Number of protein chains: 2
Amino acid sequence: MSSQPQLSHSECSDCPIRHRAVCARCEPQELGELEVIKYYRSFEAGQTIIWSGDQMNFVGSVVSGIASLTQTMEDGRTQMVGLLLPSDFVGRPGRENAPYDVVATTDLVMCCFRKKPFEDLMARTPHIAHRLLEMTLDELDAAREWMLVLGRKTAREKIASLLSIIARRDASLTKRGLSGPIVFDLPLTREAMADYLGLTLETVSRQISALKKDGVIHLEGKRHVTVPDMGRLMEEAGDDADGGFLV
Amino acid sequence: MSSQPQLSHSECSDCPIRHRAVCARCEPQELGELEVIKYYRSFEAGQTIIWSGDQMNFVGSVVSGIASLTQTMEDGRTQMVGLLLPSDFVGRPGRENAPYDVVATTDLVMCCFRKKPFEDLMARTPHIAHRLLEMTLDELDAAREWMLVLGRKTAREKIASLLSIIARRDASLTKRGLSGPIVFDLPLTREAMADYLGLTLETVSRQISALKKDGVIHLEGKRHVTVPDMGRLMEEAGDDADGGFLV
DNA sequence: CGACCGTTTGATAAATGTCAATTCTAGTGG
DNA sequence: CCACTAGAATTGACATTTATCAAACGGTCG
């Protein structure tokens, strides 16, 4: 419905995620091989990209937009287990079926490869395999970081942790740095935040109101956030204000 | 203190984790190269193997015993973010400092490699790099599975989930299968279970008592557990009794 | 025997969830 | 341009779960 840019003839060399995605380490010649087998797909906000249990016949990278990985229990309880940002990789070489739902949280563009050709290429291209290992290890660290949030933090700390992650990512994209106020738009609904944090949407709403009342954040509308003091926000998150390690 | 078997001259070919560890895919000649640089280290229950933030100068595999990865907040709240069983890998090639504490939960033997030689060997041995990627992806899946437990399950479901994981692992080691009663010893104190599940030890204790009262498990002493009906336990864990995917 | 550690159990408090009513906001069609 | 509507978000009252604090138990090791 929404008019999306047609990207099917973009060159890898111009790609916005060229230096961070699974292809980051590739030599020009290797990039050429990827270029031949890649194709773009666009998804609208809310669309499910992959259903848990489905056969995965492609893998790919998020080029723009945000996707989420979610698990659902039989009674409907859901937990988001990952947030996929531009350059993040979807799919697992060597695995047949998807272990979680992958849902487009915003409008989304992905750079895809059919699974088999990608696996073949990876088998003979250590630069790709090596980069994928590196990215997977980073994701594992992030997942474990998140386990601390889910297991031990209070609702207020959980909200502060999530805002702090989004704020840091945003600061790193816009290269504005972490000193001075940070301004960004929340890419998630209250319900999506609740699913990420293991809370109800009412608790999310209350804690956001509380952080606002206490001056930790300012809100314009529901989604537009200003963080006047990043150090303060990180204190609220229960993190060491200096020792942040993920960028 | 405790008299531990001296393993320093064991052969890789006899190694109990030969087929599951990072060396699983190695050819005999590659194994020989590992053999040259490997060395064994033993740790007693309770000992901290690596402190968070410390420089990592080795990597390695758990040969026997159990270790845990834990994160600690400034105020002392701790969350276990991983349980390392025999064949699991510790350490990250390409990273200088340890992101979490690694603690020996039981007496432990590890097969270690100094980091630099291992990295060099890995760089020229795709079988190792490939196996490490595979293992890391499995760990990522396990971490995400655990995020659902931490974020959305009740205390009772959390306990049942933990017991079910230990029971399945045990059944797979002893090759007794999942039909019929399963018997095992808990390798964790109540406090360690609490740290893993994001609960207090009191809540752990109460829920174990409740599961016992309801006949889901039997206890002899504090640690020796019998699960008369694995399907029942998995129901209590909130998992689909048939669709378990991790073994 | 006595001290200690891990564990259990009880009473109570605090945090978060649940249910329900409103408010806000963006978009739609008259 | 302006109601009208649907979805998102907020807020309130109350219920439930889990944490906290405290006491006591049981086995093990000196």
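Throughout, protein chains are lettered first and strands after them, A, B, ... in sequence-line order, and every chain is numbered starting at 1. A quick note: this is a predicted structure, and the numbers were derived from the prediction, not measured.
- When the C1' atom of D/dA9 is taken as reference, atom NZ of A/Lys212 falls 11 Å away, rounded to whole Å.
- The distance between atom CD of A/Glu202 and atom P of C/dT18, rounded to the nearest whole Å, is 8 Å.
- A 4.5 Å side-chain heavy-atom check between B/Leu163 and B/Leu211 finds at least one atom pair inside the cut-off.
- Using a 4.0 Å heavy-atom criterion, one finds that A/Thr189 contacts the sugar-phosphate atoms exclusively.
- The ring-ring contact (aromatic ring centres under 6.0 Å, His included) check on B/Phe184 picks up nothing, with sequence neighbours excluded.
- The interatomic distance linking A/Asp195 (CG) with C/dG17 (P) rounds to 12 Å, in whole Å.
- Regarding B/Leu219, its CG atom lies at a distance of 11 Å from the P atom of C/dT9, rounded to whole Å.
- Annotation: of the two residues near DNA chain D, B/Val204 and A/Leu188, the 5′-most nearest-nucleotide partner is A/Leu188.
- A donor N or O paired with an acceptor N or O is not found under 3.5 Å between the base of C/dT16 and the side-chain atoms of B/Arg152.
- Per the geometry, CD1 belonging to B/Ile208 stands 9 Å off P belonging to C/dT7, to the nearest Å.
- Within the structure, the salt bridge (Lys or Arg N to Asp or Glu O under 4.0 Å) test picks out the following pairs touching residues 149-165 of chain A (sequence neighbours left out): A/Arg152-B/Asp195, A/Lys153-A/Asp239, A/Arg156-A/Asp214, A/Arg156-A/Glu236, A/Glu157-B/Arg77.
- Not one side-chain nitrogen or oxygen of B/Ser205 sits closer than 4.0 Å to the OP1 or OP2 atom of C/dT9.
- Residue A/Arg190 contributes atom CZ, which lies 12 Å from atom P of C/dT25 at whole-angstrom precision.
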- Task: Dump the intermediate steps for side chain to side chain contact (heavy atoms under 4.5 Å, CB included) on B/Gln71 and A/Glu145, then the final yes or no.
- Result: CA-CA 8 Å; B/Gln71 297 203 70; A/Glu145 188 74 15; 3.5 Å; yes
Under-3.5 Å N/O pairs linking protein and nucleotides 14-18 of chain D:
from: D/dT18; atom 1: OP1; to: B/Ala155; atom 2: N; distance (Å): 2.9

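- No engagement by A/Arg77 is indicated, since no non-hydrogen atom pair under 4.0 Å with the nucleic acid exists.
- The distance between atom NE2 of B/His224 and atom C1' of C/dG6, rounded to the nearest whole Å, is 19 Å.
- Interface remark: the B/Arg206 side chain does form a donor-acceptor pair with the C/dG10 base, using a distance-only criterion of under 3.5 Å.
- A straight line from CZ of A/Arg223 to C1' of C/dT25 spans 11 Å, rounded to a whole angstrom.
- Panel note: side chain B/Gln79, backbone B/Tyr196; a donor-acceptor pair is recorded below 3.5 Å.
- A heavy-atom distance below 4.5 Å is found between the side chains of B/Ile165 and B/Trp146.
- Looking only at side-chain heavy atoms (C-beta outward), A/Val90 and A/Ile50 come within less than 4.5 Å of each other.
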